[in-house]
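Chain identifiers are assigned alphabetically (A, B, ...) following the order of the sequence lines, protein sequences preceding nucleic acid strands; residue numbering begins at 1 within each chain.
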Amino acid sequence: MLLAEISGNVNVIGYGIAALGPGIGVGLVFAAYIQATARQPESAGLTRVYMFMGFAVVEALALLGLVLAFALQGGS
Amino acid sequence: MLLAEISGNVNVIGYGIAALGPGIGVGLVFAAYIQATARQPESAGLTRVYMFMGFAVVEALALLGLVLAFALQGGS
Amino acid sequence: MLLAEISGNVNVIGYGIAALGPGIGVGLVFAAYIQATARQPESAGLTRVYMFMGFAVVEALALLGLVLAFALQGGS
């Protein structure tokens, strides 16, 4: 008897959710930089470093999820 | 009888959800700092400490989820 | 009989959801304080106590989830 023909790995679901928040967060950081730079072009150099810093730390959360999906292989 | 051919570790799902909120929250903090610094560059030094404080406490929530995913290995 | 080759602990999922809201909430609190301080620097001392109060009560929700994940170990 075959109840359901589902295969796959739930780790992919986990990474998918881990990419959801940082996907929005990195977008917020870049959106703020774009709007701030358009309004005060002379501030572009001052805030650029914080844009890259914010991008890096938020993106890292998603990449940690990618690493974790490989590290915690279930079952065996 | 094989009900479903699913493998993996639900801890990855747990970390994924734990990274969702902080991913948005850290993005909000950096976005606020970028916009505030562009509008009032003289406030950059005053608010920088709060940006890092906010970043640290929000990021910690996601990293606690990462620790918990390794700490609570189920089953065995 | 092998139902599914999934391992892990659903408590991690629970903590993840518990960290979702506070991750956004603490980010909102710090973002508001950064923008308010940049616009009215003389209000920084007046609103600082409320920033820390808001941060503490929101962060506590996530830490309660962390405690609960260790307190309610299932099964064994």
Side-chain angles (χ1 to χ4, degrees), chain B residues 1-44 46-48 50-51 53-55 57-62 64-65 67-76, chain C residues 1-45 47-48 51-52 54-56 58-63 65-76:
Chain B
M1 188 181 74
L2 187 65
L3 281 190
E5 223 180 328
I6 299 177
S7 63
N9 195 319
V10 293
N11 288 7
V12 182
I13 299 182
Y15 169 74
I17 306 175
L20 205 166
I24 302 177
V26 173
L28 282 172
V29 171
F30 273 90
Y33 183 72
I34 288 172
Q35 289 203 324
T37 299
R39 199 173 297 151
Q40 273 97 5
E42 71 276 11
S43 77
L46 186 64
T47 56
R48 189 178 295 126
Y50 299 108
M51 182 200 65
M53 198 185 296
F55 152 66
V57 296
V58 177
E59 190 98 352
L61 291 176
L64 279 176
V67 170
L68 205 63
F70 282 104
L72 294 184
Q73 303 273 7
S76 63
Chain C
M1 190 180 75
L2 185 66
L3 281 190
E5 224 180 328
I6 298 177
S7 63
N9 195 318
V10 294
N11 287 8
V12 183
I13 298 182
Y15 168 75
I17 304 176
L20 202 167
I24 302 176
V26 173
L28 281 172
V29 170
F30 275 89
Y33 183 73
I34 287 171
Q35 290 203 324
T37 299
R39 200 172 295 152
Q40 274 97 9
E42 70 276 11
S43 78
T47 55
R48 188 177 297 125
M51 182 199 64
F52 281 116
F55 152 66
V58 177
E59 190 97 352
L61 292 175
L63 299 183
L66 187 67
V67 170
L68 206 63
F70 281 106
L72 295 184
Q73 303 272 8
S76 63

Hey, can you pull the donor-acceptor pairs under 3.5 Å for the side chains in residues 32-41 of chain C, sequence neighbours left out?
| residue | atom | partner | partner atom | Å |
| --- | --- | --- | --- | --- |
| C/Tyr33 | OH | C/Ala44 | O | 2.9 |
| C/Tyr33 | OH | C/Arg48 | NE | 3.4 |
| C/Thr37 | OG1 | C/Tyr33 | O | 2.8 |

Value rounded to 0.5 Å, distance of CD1 in C/Ile24 from CD1 in B/Ile24: 4.0 Å

C/Asn9 side chain near B/Gln73 side chain, heavy-atom distance below 4.5 Å: no

Distance, nearest 0.5 Å, that separates CE of B/Met53 from CZ of C/Phe30: 6.0 Å

Part of B/Leu68 within contact of chain C (heavy atom distance under 4.5 Å): both

N/O donor-acceptor pair under 3.5 Å between B/Asn11 side chain and C/Val12 backbone: no

Results of side-chain contact (heavy atoms from CB on, under 4.5 Å) for B/Ile13 - residues two or more places apart only: A/Val10, A/Ile13, A/Ile17, B/Ile17, C/Ile13

Closest approach of C/Ala62 to B/Leu61 (non-hydrogen atoms, all atoms of both residues): CB-CD2, 3.4 Å

Which of B/Ser43, B/Gly27, B/Gly16 touches chain C most, by non-hydrogen pairs under 4.5 Å: B/Ser43

Spacing of OH belonging to B/Tyr50 relative to CZ belonging to C/Phe55, to within rounding of 0.5 Å: 13.0 Å

Test side-chain contact (heavy atoms from CB on, under 4.5 Å) applied to C/Leu63 and B/Leu64, step by step: CA-CA 9 Å; C/Leu63 299 183; B/Leu64 279 176; 3.8 Å; yes

For C/Phe70 against B/Ala71, the heavy-atom pair lying closest together: CZ-CB, 4.4 Å

